[in-house]
Amino acid sequence: MSYKDTINLPKTKFSMKGNLVQREPGFLKNWESQKLYSEIRKARAGAKKFILHDGPPYPTGDLHIGTGLNKILKDIIIRFFTMKGYDAPFVPGWDCHGLPIEHRVMQEIGSNAKTMERIEIRKKCKQYAEKFVKIQMNQFKSLGVSADWESSYLTFTPQYEAGIIEVFGKLVEKGFVYRKLKPIHWCMRCETALAEAELEYRDTLSPSIYVNFRILDDVAGIFQDAGEGDVHILIWTTTPWTLPANLAIALHPDYKYRAVRYENPKTGEKVVTIIADSLVDSIMNLLKIEKFELLGITSGHTLEGLKYEHTLMNRCGTIVMADYVTLSDGTGCVHTAPGHGQDDYLTGLKYNMPILSPVDKSGIFTTEAGDFAGQKISDGNKSIIEKLDESDLLLHKREINHSYPHCWRCREPVIFRATEQWFVSLDHCGLRENVLDQVKKTRWLPSWGEVRMSNMIRERPDWCISRQRSWGVPIPVFYCSHCKESLLNIDVIYHVRDKFLQCGADSWFYKNAKEFLPEGTNCPNCNSTTFEKENDIFDVWFESGSSHHSVLHKRNDLSFPADMYLEGSDQHRGWFQLSLVPSVAAWGCAPFKTVLTHGFVVDEKGEKMSKSLGNFVSVSDALKEIGGDVLRLWTASMEYRNEMNTSRVIIERMSDSYRRLRNTFRYILGNICDFDSEKDAVEYRKLWEIDRWALLKTEKLIKSVTAAFEQLQFHRVYHTVHNFCIIEMSSFYFDILKDRLYTFSKNSIERRSAQTVLYRINDVLVKLLAPILVYTTEEVWMETENRSSSVHLADWPDVREQCIDEGLEKRWESIIKIRADVARELEKMRTEKHIGNSLEAVIDLYTEDDELFQFLEEYQSDLPMIFIVSDVIISKEPLHSASRGENFKRLFVKVRLSESSKCERCWNFRKEVGKIVKYPTLCNRCAKVIDQIGEQNS
RNA sequence: GGGCCUAUAGCUCAGCCGGUUUAGAGCGUUCCCCUGAUAAGGGAGAGGUCAGUGGUUCGAAUCCACUUAGGCCCA
């Protein structure tokens, strides 16, 4: 029998390689078949709830790594709270309606789209959404996300839709909803509204004209030397057809404006006009005016409120202030038509101007356009220029090539046209103030979220909730067939809600208006009983923003408000804000208590990820390459509040790091394979001192890791655990332990002492990491005996305070430092090729420090084990050629080769080796062990 | 252009309500050792003008201002 066979080498099925990609699906399957999610919920029945409400992603394509990261973070939190004893249900959702899906479906349909019924389009959209919900759900599952997948919330289900209608009803009831004109992109040929995503920008030739408007007010007080005569203000536009809708001219309040007197080249007349000071030269050059004189100069804000004559329309306009005015083109004086531009619209609202838009759906001027009524706007361009030219107000005209939006379907240029839209008022009943108040009461993580949200709420205009699309929830409003008056009525809305609950919102597209109206509904205006349905649908943000009602209020296992919302920082403007507004409006409080945000996943240079740049990482690729647990470890390792860099190198590092954790488990599992904690455990006071030290480090680990989890700082969890495994365990404790575990007899108290602690370490580590490494910890769990079915049903480990001995920790801190000083000397010997294995060495320690000497003496018998050398000799006598320690300056270390022989079994160099007759190649300790084994066998 | 945020070794993070003489870990890298955790393990070393500039101060990675680069959201 070789002595090697008498050594207790580690033994475990837990492999060194993770093979995560192959192995993880098996665990997933087991969890599904044992219905683990429901088992966990059952185990927590009646416990205090923790509600993290899932923000619904959009089901198009493979999951972006950022979407995966978001769900992993949520999952880590849910799992931690669950293990801490909370009942933490997790109901995931998808935001299924909306333009991106409709857009893609329309592209697939192609030219048939125009003749297709809306209900048909909706059917295809639904199929599309369902397909990707399924794909994404599987990807989330593969990431190890534990959730109530079977009853996920989808925004196109009747229950959800009914909830949206209820939120709308509540807002109508409280008077927040109104209808008003607003300019939107419009295709005159298709006669339809277009969203930004449906525009194609192409270079187009447009007229470019400079037009003077005559100021009606006396500006002598502002420009003293302007003299008698008329003063004008010069504007520039590339859309002459919008001039009939001109109501204002916008200036920048801080820019300088100059009155210029020039000679009209055509008439020879002297004219004064106002333009931005810094543009005077370039404009005069463009207008080919050589003779001009600079008159007074003033800041834009001094001109606010002046009236000017609108020559074409026989009315006057106003000079207004706007921050978006630039000096990059034009004159610094911006033609403003609130019915025909986004900026113009907002300025119009600010100055309380009507949203004038004298153009009908096919692009023909209405009677509001005066003389131009009946003309197509394309012809209007020409006649407007002509008319301006007649009145000598047109200073310059040419054609310019610029990028202009076109309809994605018919490729015709689009226009901005004001149409009636539905709005939620932010200022009705002090809503804005109430929302701001709720913002203050919410806990924002990081705290700057509060500032960001408050700024946004303070600034934002009323919310336009209507869209002219097909794939969404219809706005439950009717119009009288006779007088065209809108019917916005609570009873009607709840009636529609009931219908939707029964047959879904699709019914709106194939049933008559009558079927949605309560019996006997008539028009409050003209008493008519025939109505038409609204064509518009809700903004999808109104849908997802209603999830607090459709999901939190409606589900028995959830509750309102949620404890936490957790999304990317872009959702401040998105889901957070647009959930907050309806929630406060309808129920007077925020839908969340805490809002946690994470940054974006960017590439290794910190630049944004996009498919076109080629630095895009998808979840499915990452899963294929590295597996769910490594991806989760990567997620946990980063400070997610900032941007997070990804690259192949970073992910490879993560695999290294994972392997290290895995091997820590493997070492323990292999060395406790013959340990039965019930029978073999050694009681605390009988443990070896180094074992008590390892135990105290483990208990302290629980403390710091728990704190890190509680503060939602998973990167601290990662670093703390990782450092524990590497510094305290692998390179110190585990290394030292090998001698005792392998060479002492199996059942010796020395070996059982070590195993008792290893068992505890394993039990703690597996639980601390369970929220992050969901698969690997389960694999570890399965390897140990007497386990219930899953680590994910386990409770969070409690700290055994009685094991935390600060004095012990301090003493061992010194020992570790001394060990480092010794290691440095051993290394020197190794480099000089005097020794290989450290057991070949004997260490001489010398110090004149009494305290240190006493300390060393106290540990003398343990020091060889600690240094992993064959002997340690302490002396007070100076040593020849000893080196001074770096950690302990008063300690001198000398390494020399042992003069004894090597024990064949334990490899220690011992005096007695060769002197034991029965076992000439063994040391005393091993001889005893072999005797014991012999006795057991006989 | 505006609101909010970020910037410490190749990578991931500490330190930051100013002050333990040479700014800490771990990973990676280099060199060495082991071959009884072995496609593992151990040891030693190299590596940072704390994005830049200016200021406050006896003293700044830490406070202030500006600049640069990047991110989210608007315009």
Side-chain angles (χ1 to χ4, degrees), chain A residues 3-12 14-17 252 322-326 328 342-343 346 446 448-456 458-460 568-574 577 597-609 633-634 636-639 641-645 647 649-657 659-660 662-671 713 715-716 718-727 730-732 734-739 741-743 819-820 822-833 835-840 868 905-907:
Chain A
Y3 288 129
K4 182 156 179 167
D5 298 331
T6 69
I7 299 249
N8 313 305
L9 289 179
K11 208 173 124 191
T12 175
F14 188 85
S15 67
M16 186 138 55
K17 278 188 89 175
H252 196 290
D323 288 335
Y324 56 78
V325 173
T326 68
S328 51
Q342 211 54 247
D343 283 340
L346 293 174
W448 49 257
E450 182 184 339
V451 182
R452 187 167 175 179
M453 183 61 77
S454 300
N455 286 347
M456 239 148 33
R458 225 172 276 125
E459 299 282 315
R460 72 152 299 143
S569 62
D570 58 330
Q571 299 303 333
H572 281 105
R573 172 145 285 258
Q577 186 198 184
T597 50
H598 62 254
F600 274 64
V601 177
V602 293
D603 72 6
E604 65 273 346
K605 290 178 213 134
E607 295 189 13
K608 75 164 119 198
M609 241 177 217
L633 192 61
W634 168 75
S637 74
M638 293 171 304
E639 162 66 298
R641 284 152 229 246
N642 304 335
E643 281 82 57
M644 292 158 284
N645 295 23
S647 70
V649 181
I650 292 172
I651 289 186
E652 271 165 25
R653 293 275 163 290
M654 244 24 255
S655 303
D656 290 343
S657 177
R659 218 175 311 126
R660 211 47 204 262
R662 190 174 173 89
N663 269 309
T664 303
F665 280 121
R666 186 175 138 90
Y667 176 90
I668 300 176
L669 290 173
N671 281 304
Q713 301 191 324
H715 65 283
R716 285 199 183 244
Y718 166 82
H719 281 281
T720 309
V721 172
H722 197 247
N723 280 352
F724 174 81
C725 289
I726 284 163
I727 301 169
S730 194
S731 72
F732 183 69
F734 289 178
D735 208 23
I736 289 170
L737 228 45
K738 282 189 273 188
D739 180 60
L741 288 168
Y742 299 169
T743 68
R819 187 178 190 254
V822 170
R824 240 181 306 273
E825 288 310 305
L826 281 167
E827 185 59 21
K828 276 186 205 158
M829 293 291 279
R830 242 195 301 268
T831 320
E832 290 162 19
K833 307 283 178 197
I835 58 162
N837 190 321
S838 58
L839 285 173
E840 292 164 25
I868 317 185
R905 186 169 174 275
C906 70
W907 298 346

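Here is the naming used below: chain letters follow the sequence lines, and residue numbers restart at 1 for every chain.
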Contact boundaries of RNA chain B with chain A (under 4.0 Å, heavy atoms), 5' to 3'? G3(B) to A75(B)
Rounded P spacing from C64(B) to G18(B) in Å: 12 Å
Tell me every residue that passes salt bridge (charged side-chain N to carboxylate O under 4.0 Å, His left out) with Arg573(A), counting only those two or more places apart in sequence or in another chain. none
Would you mind classifying the nucleic acid contact of Trp907(A) as base, sugar-phosphate or nothing, using non-hydrogen atoms under 4.0 angstrom? base
With sequence neighbours excluded, residues passing side-chain hydrogen bond (donor to acceptor under 3.5 Å, both in side chains) with Gln713(A): Arg716(A)
Nearest-nucleotide wise, let me know which of Phe732(A) and Asp343(A) is further upstream toward the 5' end of RNA chain B. Phe732(A)
Which part of the nucleic acid does Phe734(A) contact within heavy-atom distance under 4.0 Å: base, sugar-phosphate only, or nothing? base
For a quick check of understanding: with a heavy-atom distance under 4.0 Å over all strands, which category does Tyr667(A) fall into, base, sugar-phosphate or nothing? base
Salt bridge (charged side-chain N to carboxylate O under 4.0 Å, His left out) against Glu825(A), all qualifying residues, sequence neighbours excluded: Lys828(A)
Sugar-phosphate, base or nothing in reach of Gly599(A), heavy atoms under 4.0 Å: nothing
If you look at every strand shown and take non-hydrogen atoms under 4.0 Å, does Arg659(A) touch a base, only sugar-phosphate, or nothing? sugar-phosphate
Could you work out the separation of U35(B) and C16(B) based on their C1' atoms and round it to a whole Å? 46 Å
I want to check something: taking the side chain as every heavy atom from C-beta on, are Glu607(A) and Val602(A) in contact at a cut-off of under 4.5 Å? no
Under the ring-ring contact (aromatic ring centres under 6.0 Å, His included) rule, collect the residues that match up with His715(A), sequence neighbours excluded. none
Partners of Ala823(A) by side-chain contact (heavy atoms from CB on, under 4.5 Å), sequence neighbours excluded? none
With heavy atoms under 4.0 Å as the rule, sort Ile868(A) into base, sugar-phosphate or nothing. nothing
Assign Ser569(A) to base, sugar-phosphate, or nothing according to its heavy-atom contacts below 4.0 angstrom with the strands shown. sugar-phosphate
By the 4.0 Å heavy-atom rule, please label Arg573(A) as base, sugar-phosphate, or nothing. sugar-phosphate
Would you indicate what Asn645(A) reaches in the nucleic acid, counting non-hydrogen atoms under 4.0 angstrom: base, sugar-phosphate, or nothing? sugar-phosphate
Between Ile726(A) and Lys833(A), which residue's closest nucleotide on RNA chain B lies nearer the 5′ terminus? Ile726(A)
Would you mind classifying the nucleic acid contact of Asn723(A) as base, sugar-phosphate or nothing, using non-hydrogen atoms under 4.0 angstrom? sugar-phosphate
Indicate, with a heavy-atom threshold strictly under 4.0 Å, whether Thr326(A) touches base, sugar-phosphate, or nothing. nothing
So what does the secondary structure string of RNA chain B come out as, 5' to 3', with Watson-Crick or wobble pairs under 3.5 angstrom, [ ] for crossing and | for pairs with another strand? (((((((..((((.....[....)))).(((((.......))))).....(((((..]....)))))))))))).
Is Arg824(A) salt-bridged to Glu827(A), going by a charged N under 4.0 Å from an acidic O? no
At under 4.0 Å between heavy atoms, what does Arg905(A) touch on the DNA or RNA strands: base, sugar-phosphate, or nothing? base
Under the rule for salt bridge (charged side-chain N to carboxylate O under 4.0 Å, His left out), what residues qualify as partners of Asp739(A), not counting sequence neighbours? Arg925(A)
Indicate, with a heavy-atom threshold strictly under 4.0 Å, whether Glu643(A) touches base, sugar-phosphate, or nothing. base
Between Arg641(A) and His598(A), is there a donor-acceptor pair closer than 3.5 Å when you use the side chain of the first and the backbone of the second? no
Same-atom distance (C1') from U8(B) to U62(B), integer angstrom: 11 Å
Residues forming a salt bridge (charged side-chain N to carboxylate O under 4.0 Å, His left out) with Arg460(A), sequence neighbours excluded: none
If you measure from the C1' atom in A14(B) to the same atom in A9(B), how many Å do you get, rounded? 13 Å
With heavy atoms under 4.0 Å as the rule, sort Ser730(A) into base, sugar-phosphate or nothing. base
